[in-house]
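This structure is a prediction, so every number in the text was calculated from the model and none was measured. Side chains are part of it too, since the values below use all heavy atoms of this structure and drop only hydrogens, waters and symmetry mates. Every chain is numbered from 1 and lettered A, B, ... according to where its sequence line falls, protein lines coming before strand lines.
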Amino acid sequence: MKKLLIILFGLMVYATAYAQNDSTTVVDEILPDSTTLTQKSAPAGPKTTPVDVDDNKPRVIMHYYDKHGNPLDEPVMFLASLDTVTKVKSKPVYPTYNGVNVGLNFGDLIFMAFGQKHASFDVWANVSLWNWLFPTLECGLGYINDTPDKMNYTYKSGPSMYAKIGFNYNFLYKSNPAYQFFVGFRAGFSNFKYDVTDIRINSEYWEESQNLSLTGLKSTCWYGEVLAGLQVKIVSHFSLGWSLRWHFKFSESKDRQNQPIFVPGYGSTLPFAVSVSGIWTIPAPKKPELTAAE
Amino acid sequence: MRKLLYGISATVACGLWASSCSDSCSDNQNALPLAGFYDSGGPAELVTIDSLEVIGVDTPSDSALSPASESKNQVSLPFRIDSDTTRYVFIDRHEGSGLRDTVTFIYTRTPHLVNKECGVSYIFDIRSITSQGIFIDSVTCPNGFINNANTQNLNIYFDVMSAPV
């Protein structure tokens with residue numbers, strides 16, 4: 001009996017062990033790669049990206065106290081970045097003396113080619129102060145020999161001197177001195193003589209005709225000019241400049257009630273004049289340098 | 001360089017445009033006396049005269065300056081330019097009346113350049129004005145001179161009772 005029990009116990013242990021091995025095989029046969037399948041079908045988790053530390057990124061500054069030194073209830077982040085742009089200086093950047101410009105105004109030569117019968121030519125000079133203000137002196141000669149169409153006279157005036165003094169204000173005073181955009185003012189003066197000849201006065205009703213001349217007439221004129229112009233470097237120290245001038249008379253003397261129709265340097269009866277100049281620049285002995293560190 | 005040329009061209013164009021603009025003469029190109037007719041005893045208003053003929057004395061063609069067929073309250077009286085005296089005869093042609101009044105202007109002539117557009121004209125400085133006759137009472141020149149201004153510068157006062165109004 002005892003042997004029988006031992007044999008039965010042995011059979012039971014064997015049977016149990018065999019059953020366990022057999023079940024594992026079945027599962028393996030049904031789900032041969034169950035572990036792999038489980039890994040593929042699992043839901044994807046949140047992506048993670050590695051972050052590099054940016055040393056150049058502005059550091060967030062937290063403020064724990066107000067400007068009076070009292071503690072804040074909650075810290076405040078200072079968001080405004082400091083303005084690193086330097087304030088623009090309005091002061092000129094060139095030295096006080098910056099050279100001399102000498103010019104020849106030949107603008108009327110152009111207009112004479114288009115039929116104008118009078119001309120004023122002048123030599124002028126100005127001094128560059130900070131490349132900003134340019135005190136200017138102009139001296140020249142003006143003349144006229146004109147017989148207006150359908151008129152009864154010839155107006156003549158030999159070369160007569162005129163002078164103008166004033167200044168220019170250069171808007172580009174912080175830029176290259178070779179280029180200027182300026183406005184200016186001039187006060188002009190001329191004392192001159194003129195003749196009105198070949199005067200013909202007719203009276204149809206009386207059938208009379210008179211030929212007259214008015215000679216040796218004199219006049220003195222003071223006038224002003226407001227101008228705007230450009231000066232552009234062409235080559236080396238040579239530049240071209242032109243200006244548009246609006247002019248007006250301060251005073252003008254009449255001789256025997258005759259009114260001159262041409263004033264040297266002023267022109268004829270038009271309120272506007274144009275000057276065109278060739279300019280030679282004599283720079284300051286020392287090359288202009290910026291006064292400021294920039 | 002291209003901008004430079006543009007700038008020069010624009011400037012020259014502006015100048016040429018400006019130089020092409022010229023004013024015309026707004027006044028007379030000659031000093032032309034203009035006489036207005038008034039009633040010597042009435043208000044200072046122009047009166048219209050009928051049948052009045054105006055003729056310059058010693059005109060080469062002896063032609064009437066203003067015919068009697070036109071009613072008029074003003075008349076231009078051009079002065080002689082090679083003499084300092086000008087005479088006009090005013091003839092009443094009303095119903096063949098033929099009454100004549102003579103007005104004599106004595107003046108000095110001074111040529112002067114008015115301006116570029118109007119040119120040279122005389123200024124007549126009136127030295128005296130006389131009238132002889134019945135129906136013209138008086139003649140005046142309020143400014144004392146006559147220039148090229150386009151205005152009335154002589155007043156002729158008629159005795160309306162005698163004039164052909």
Side-chain angles (χ1 to χ4, degrees), chain A residues 107-108 110-111 113-116 118 146 148-155 194-210 212-214 217 229-230 232-234 239-245 254-262 267-276, chain B residues 1 3-25 29-32 54-66 76-83 86 88 109-123 125 145 147-148:
Chain A
D108 278 346
I110 300 170
F111 295 115
F114 288 92
Q116 183 174 285
H118 59 83
D146 189 11
D149 292 338
K150 300 177 182 175
M151 297 308 297
N152 62 345
Y153 66 95
T154 296
Y155 188 98
Y194 62 98
D195 300 327
V196 186
T197 60
D198 303 327
I199 300 169
R200 297 170 305 282
I201 298 178
N202 301 316
S203 173
E204 292 182 10
Y205 179 70
W206 294 100
E207 297 181 17
E208 293 173 345
S209 180
Q210 290 267 296
L212 308 165
S213 289
L214 298 167
L217 300 169
L230 296 170
V232 179
K233 176 184 173 183
I234 302 300
S239 304
L240 276 179
W242 52 96
S243 64
L244 181 65
R245 301 177 177 221
K254 291 183 177 180
D255 188 351
R256 288 171 268 167
Q257 302 187 48
N258 294 285
Q259 174 151 10
I261 64 171
F262 170 79
S268 189
T269 54
L270 292 171
F272 289 97
V274 175
S275 72
V276 181
Chain B
M1 192 64 185
K3 289 180 179 176
L4 171 69
L5 292 174
Y6 286 160
I8 292 175
S9 303
T11 305
V12 172
C14 285
L16 289 175
W17 171 78
S19 65
S20 66
C21 301
S22 62
D23 296 331
S24 58
C25 180
Q29 289 192 330
N30 282 318
L32 186 62
V54 183
I55 301 174
V57 177
D58 297 332
T59 55
S61 58
D62 211 21
S63 61
L65 180 69
S66 177
S76 294
L77 301 173
F79 283 2
R80 298 186 67 165
I81 57 173
D82 62 357
S83 170
T86 298
Y88 279 100
R109 294 163 289 140
T110 307
H112 84 294
L113 178 60
V114 181
N115 55 42
K116 184 176 181 180
E117 293 76 26
C118 293
V120 179
S121 72
Y122 277 121
I123 292 180
D125 288 300
F145 66 90
N147 58 13
N148 72 316

Rounded to the nearest 0.5 Å, how far does [atom2] of [Y] lie from [atom1] of [X]?
{"X": "A:Leu217", "Y": "B:His112", "atom1": "CG", "atom2": "NE2", "result": "12.0 Å"}
{"X": "B:Asp82", "Y": "A:Ile201", "atom1": "CG", "atom2": "CD1", "result": "12.0 Å"}
{"X": "B:Ile81", "Y": "A:Ser209", "atom1": "CD1", "atom2": "OG", "result": "6.0 Å"}
{"X": "A:Gln259", "Y": "B:Cys118", "atom1": "CD", "atom2": "SG", "result": "10.5 Å"}
{"X": "A:Gln257", "Y": "B:Thr110", "atom1": "CD", "atom2": "OG1", "result": "6.5 Å"}
{"X": "A:Asp255", "Y": "B:Leu113", "atom1": "CG", "atom2": "CG", "result": "11.5 Å"}

Answer with side chain, backbone, both or neither: which region of [X] has an atom nearer than 4.5 Å to a non-hydrogen atom of chain A?
{"X": "B:Ser121", "result": "backbone"}
{"X": "B:Ala64", "result": "backbone"}
{"X": "B:Leu65", "result": "both"}

Please assess A:Asp146 against B:Lys116 for the test side chain to side chain contact (heavy atoms under 4.5 Å, CB included), listing each intermediate value before the final yes or no.
CA-CA 10 Å; A:Asp146 189 11; B:Lys116 184 176 181 180; 4.0 Å; yes
Does A:Glu207, at its CD atom, have more than 12 non-hydrogen atoms belonging to other residues, nucleotides or ligands within less than 6.0 Å?
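Counting other residues, nucleotides and ligands, CD of A:Glu207 exceeds 12 neighbours.
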Below 4.5 Å, heavy atoms only, C-beta onward: do [X] and [Y] meet side chain to side chain?
{"X": "A:Gln210", "Y": "B:Arg109", "answer": "yes"}
{"X": "B:Glu117", "Y": "A:Thr269", "answer": "yes"}
{"X": "A:Val196", "Y": "B:Val120", "answer": "yes"}
{"X": "B:Arg80", "Y": "A:Tyr205", "answer": "no"}

Picking from A:Lys254, A:Met151, A:Glu208, which has the most non-hydrogen pairs under 4.5 angstrom with chain B?
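Ranked by heavy-atom pairs under 4.5 Å with chain B, first place is A:Glu208.
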Interface residue of largest heavy-atom contact number with chain B, from A:Asn258, A:Ile261, A:Ile199, under 4.5 Å:
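Most heavy-atom pairs under 4.5 Å with chain B: A:Asn258.
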Could you tell me which non-hydrogen atom of A:Trp206 sits nearest to which non-hydrogen atom of B:Pro78, and how far apart they are?
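In terms of heavy atoms, the two residues are closest at NE1-O, 2.7 Å.
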Measure A:Tyr155 against the heavy atoms of chain B and call it side chain, backbone, both or neither at under 4.5 Å.
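For A:Tyr155, the contact with chain B is made by the side chain alone.
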